[in-house]
Amino acid sequence: MGFSLFKNFLSLAGAEAFTKLITFAAFAYLARIYGPAGFGYIEWAAAVLMCASLIVDQGFSAYGTREIAKDPEQTSDLVTEIVTARFIFAGISYFILAICALQFVNGAVLRNLLLIYGLSLWMLPLLLMWVFQGHDRMNFVAIAQIIRQTIFVGVIFIFVRKSDDLYIVGFAEVAGVSLAALVSVWLYRRKFTERINWKPKLSTKLFREGLPIGLSQMFWVIKMFGATIIIGLVATAEDTGYFAGALRIYIALHTFVWLYYANLLPSLSREWEKNDGSFSKLIKNSMRIVLLLSITGGIIWIFLSPYAMTIAYGQEFLKGGIALQWMAGACMAAAISGHFRYGLIAAGFQNKEMVISALSSIIAVVLIPFGYFQAGISGAAAALCFAEIVALIAAALISNRLLFNTRVLLSKENCLEI
C-alpha cells in the first residue's frame, strides 16, 4: 500500500507541479500587462468564481471518493446521483452569481468578466476526477488536470496582448474546464462503463453526508479566496493586487497539501473500516514525514518570499513579500492539520470537520479586515495564519477524542500521541 500511495502521489504531484508552473506563469504575465489594479480585478473575479464552484461541488466529490474506495460497485449509481445534484447546484450557483454581478458590481468590465467566468460552472458537474480518485487511478486525475490548465494557459498566451483583452481570461477558463470535462467523461466510459445512465437520480444520503463536507470546503474558500474578496472591499486596488499576488503563490503551494490528502483519503477510508489499528498507524507514519517537510519547507519559504514576489510579478510587487512570509506559517499549519481533518472525513465525522472549518473561517473573516487596518496586507496575512493555527489545534483535540480513543481494537501503543 505504501508504494501505491507514493506512486499515486507522484502522479498527482507531477501533474500539479507542471500545471501550477504554467498557470503561475500565465498569471505573472497578466500581472505585468494589467498592473496591480487590473490584476486585482482578475484575482477578485477568480475568487468569486471559486466560491461559486464550491456551491456546485457541495462536498460530493470527497463523499463520492470515500464511498467508491469502500465499495467500488457503487460507482455507477454514485456518478448518476452526484452529476445530477451538481447540475442542479450549477444552475443555482450561476443564478446567484449573475444576480450579484448585475446588481452589486460596479463597472461593466468586472461585471462582464464575472458573467463569462461563470459559464464554466455548467461544465463542472462533468469533471469526474473524484471517480478516478476513488479507484486509485490518479493518472487519470492528472491527465484531466493537465488538459484543463494547459488549455487555459494556451488561450492566455496566444490571445491576451493588451489591457483591453480582459474578457479573454474568462473565456480561457471556460475552454479549459469544458475540454477537461469532456475528456474525463470519455475516460470514465472507456475504463469503467460503456454506457452512462443519464436518468436523474438523487438520495437523501448524498445530501446528508455530502453537504457537511461541502460546507467545510465552502468555509475553507471563505477563509482563503474570501480573503481576497474582503481585502478588495476594504483596501485599495493596488493593495488588493499585492495581497492577491502573495495569496496566489500560497494557494499554488497549498495545492500540494490538498493533493497529498486527496490521495490519502481512499486509504484512510479503507483502513478505518478494518478496525485493526492500521488507521492510526497510517496517520502516525504520515505525520512524521509531513512534519519534517513542513518545517524545512516553511523556513525556505520565509527566506525566499520577497524574491519570489519580485521574480514572479516584478519589482513593484515587492510589498507583498511580508504577507507571503506570514502565509508560510498558515501552510505549515494546514499541512499538519490535514491528517486530523481528512481522518475525520474518512471515519464519517464530516460534521465535526465542518465545525472546525467554520470556526477557522469565522476567525479569518473577523480578523482579516482588522489586521489590514492595523498593519496593512501583512496584518491581513497574519490573521490568515492565526486562523489556520486555530484549525490545527481544534482538529487535533477533536480527532484525539473521536479517532484514537473510541475503537476497541486499537491499543494505546498504536494510537497517535498528540
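Any value given below was found using the heavy atoms of this structure, including those in side chains, with hydrogens, waters and symmetry copies removed.
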Going by side chain to side chain donor-acceptor pair (under 3.5 Å), name the residues that satisfy it together with Gln149, two or more places apart in sequence or in a different chain. Thr23
Provide the closest heavy-atom pair for Val160 versus Tyr29 in the form atom of the first, atom of the second, distance. O-OH, 2.6 Å
Mutual orientation of the aromatic rings belonging to Trp272 and Phe279 [parallel < 30°, tilted 30-60°, perpendicular > 60°]: perpendicular
Can you list everything that forms a side chain to side chain contact (heavy atoms under 4.5 Å, CB included) with Ile22? Sequence neighbours excluded, please. Phe18, Thr150, Val153
Over 60° means perpendicular and under 30° means parallel, so classify the ring planes of Trp301 and Tyr250, tilted if in between. tilted
Could I get the full list of side chain to side chain donor-acceptor pair (under 3.5 Å) partners for Ser120, not counting sequence neighbours? none
Would you check, one step at a time, whether the test ring pair (Phe, Tyr, Trp, His ring centres under 6.0 Å) holds for Tyr94 with Phe89? CA-CA 8 Å; Tyr94 190 77; Phe89 281 106; over 10 Å; no
Tell me, please, which residues at least two apart from Tyr342 pass ring pair (Phe, Tyr, Trp, His ring centres under 6.0 Å). Tyr261
Out of curiosity, Leu384 CG to Leu247 CG, how far, rounded to the nearest 0.5 Å? 7.0 Å
Run the salt bridge (Lys or Arg N to Asp or Glu O under 4.0 Å) test against Arg111 and tell me which residues pass, sequence neighbours left out. none
Side chain to side chain donor-acceptor pair (under 3.5 Å) filter on Asp71, not counting sequence neighbours, yields none
So which pairs with a foot in residues 350-387 pass ring pair (Phe, Tyr, Trp, His ring centres under 6.0 Å), sequence neighbours left out? none
N/O donor-acceptor pairs under 3.5 Å from side chains in residues 320-328, not counting sequence neighbours:
unit_1	atom_1	unit_2	atom_2	d
Gln325	NE2	Ile302	O	2.9

Cation-pi between Arg66 and Tyr63: NZ/CZ under 6.0 Å from ring centre and within 45° of the ring axis? no
Would you call Glu273 and Arg270 a salt bridge, using N to O less than 4.0 angstrom? no
Using the side chain to side chain contact (heavy atoms under 4.5 Å, CB included) criterion, which residues pair with Ile311? Sequence neighbours excluded. Tyr307
Answer yes if the ring centres of Phe340 and Phe349 are under 6.0 angstrom apart, and no otherwise. no
Considering residues at least two apart in sequence or located in another chain, which fulfil the side chain to side chain contact (heavy atoms under 4.5 Å, CB included) criterion with Leu318? Pro306, Thr310, Gln315
Got a sec, which pairs hit side-chain hydrogen bond (donor to acceptor under 3.5 Å, both in side chains) with one end in residues 168-180, sequence neighbours left out? Arg148-Glu173
Pairing residues for Glu81 by the side chain to side chain contact (heavy atoms under 4.5 Å, CB included) criterion, not counting sequence neighbours: Lys201, Ser203, Leu206
